[in-house]
Amino acid sequence: MRAEQALPLKRIVLTGFMGSGKTTVGKLLAVCLGWSFVDLDGEITRRTGLSVPAIFAQRGEAEFRHEEAAALAECLKGTQLVLALGGGVPETPANFNLLRDSAKTAVVYLEGAFDTLQARCRAQLNQPDAVARPNFADTNLAKQRFERRAPLYAAISTHTLRTDERLPEVLAVEVLSVLGLSSQTP
Ligand code: S3P
């Protein structure tokens, strides 16, 4: 875990594998703080005009990572911002360095067991606004990614929270608590 950044915080970044709740918890946190919320995948879609699965299918993962790195660099300029990363962000060395060196930024790792995360991703596929996750299509490859990334999430984060059997609302309150922040909404 990297050293905690000096207060006052300007942004909270949520990292972790697919299905760890980064987007759901991030939206709740932003409401609590009265800050903006940005989902990095959503930002990539906004910038390219293509959904994440469409970028993977039409341009390949390398091009997606290129777009992802550009979007991350831009987003990290924001303040009073809660930013939910995509699960693969820390695997790109430039992203890892950018996150490590980002001042006044808390990076919170939402950690969970592989089976829990897989079950959540499967359940989300039944939701009307579901976006497919190309990198969860093959369980064995997803597990390899999970194992490869776990040390990167841990190395880049200032705080780690377990997400297994925890509701997003509870996690949002826990994030505020570990960061010493209080909710601005009653
Ligand atoms: C990916 C995670 C996804 C998205 C893309 C690739 C990954 O984001 O960026 O499908 O390689 O882990 P979520 O972690 O928000 O699902």
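Both ligands and their constituent atoms are indexed starting at 1 by order of listing.
The ligand atoms of ligand 1 that sit less than 4.0 angstrom from a heavy atom of Pro134 are 10 (O). Those atoms of ligand 1 with a heavy atom of Gly86 less than 4.0 angstrom away are 8 (O), 9 (O), 14 (O).
Of the protein's heavy atoms, Val52 CG1, 3.7 Å lies nearest to atom 5 (C) of ligand 1. Closest protein heavy atom to atom 4 (C) of ligand 1: Asp41 OD2, 3.1 Å.
Within a 6.0 Å sphere centred on CD of Glu147, heavy atoms belonging to other residues, nucleotides or ligands number more than 12. The number of heavy atoms from other shown groups lying within 6.0 Å of CZ (Arg47) is above 12.
Ring geometry, Tyr153 versus Phe17: the interplanar angle exceeds 60°, so the pair is classed perpendicular (tilted spans 30 to 60°).
Checked against a 3.5 angstrom limit, the closest N/O atoms of Gly87 and ligand 1 fall inside it. Distances between N or O atoms of Arg145 and those of ligand 1 include no value under 3.5 Å. The shortest N or O to N or O distance between Arg133 and ligand 1 is under 3.5 Å.
By the 4.0 Å heavy-atom criterion, Arg149 is counted among the residues contacting ligand 1. Under a 4.0 angstrom heavy-atom cut-off, Phe136 registers as lying outside contact with ligand 1. Between Arg120 and ligand 1 there is no heavy-atom distance shorter than 4.0 Å.
Proximity of Leu72 to Glu68: side-chain heavy atoms (C-beta onward) are nowhere separated by under 4.5 Å. Between Thr79 and Arg11, some side-chain heavy-atom pair lies under the 4.5 Å cut-off.
In summary, Glu67 and Arg59 engage in a salt bridge, as defined by a charged side-chain N under 4.0 Å from a carboxylate O. A salt bridge is absent between Lys27 and Glu169: the closest approach of a Lys/Arg side-chain nitrogen to an acidic carboxylate oxygen does not fall below 4.0 angstrom.
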*Step by step, work out the ring-ring contact (aromatic ring centres under 6.0 Å, His included) result for Phe136 and Phe56.*
CA-CA 13 Å; Phe136 228 136; Phe56 269 76; over 10 Å; no
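Checking Glu61, Arg65, Gln124 against atom 6 (C) of ligand 1, the nearest heavy atom belongs to Arg65.
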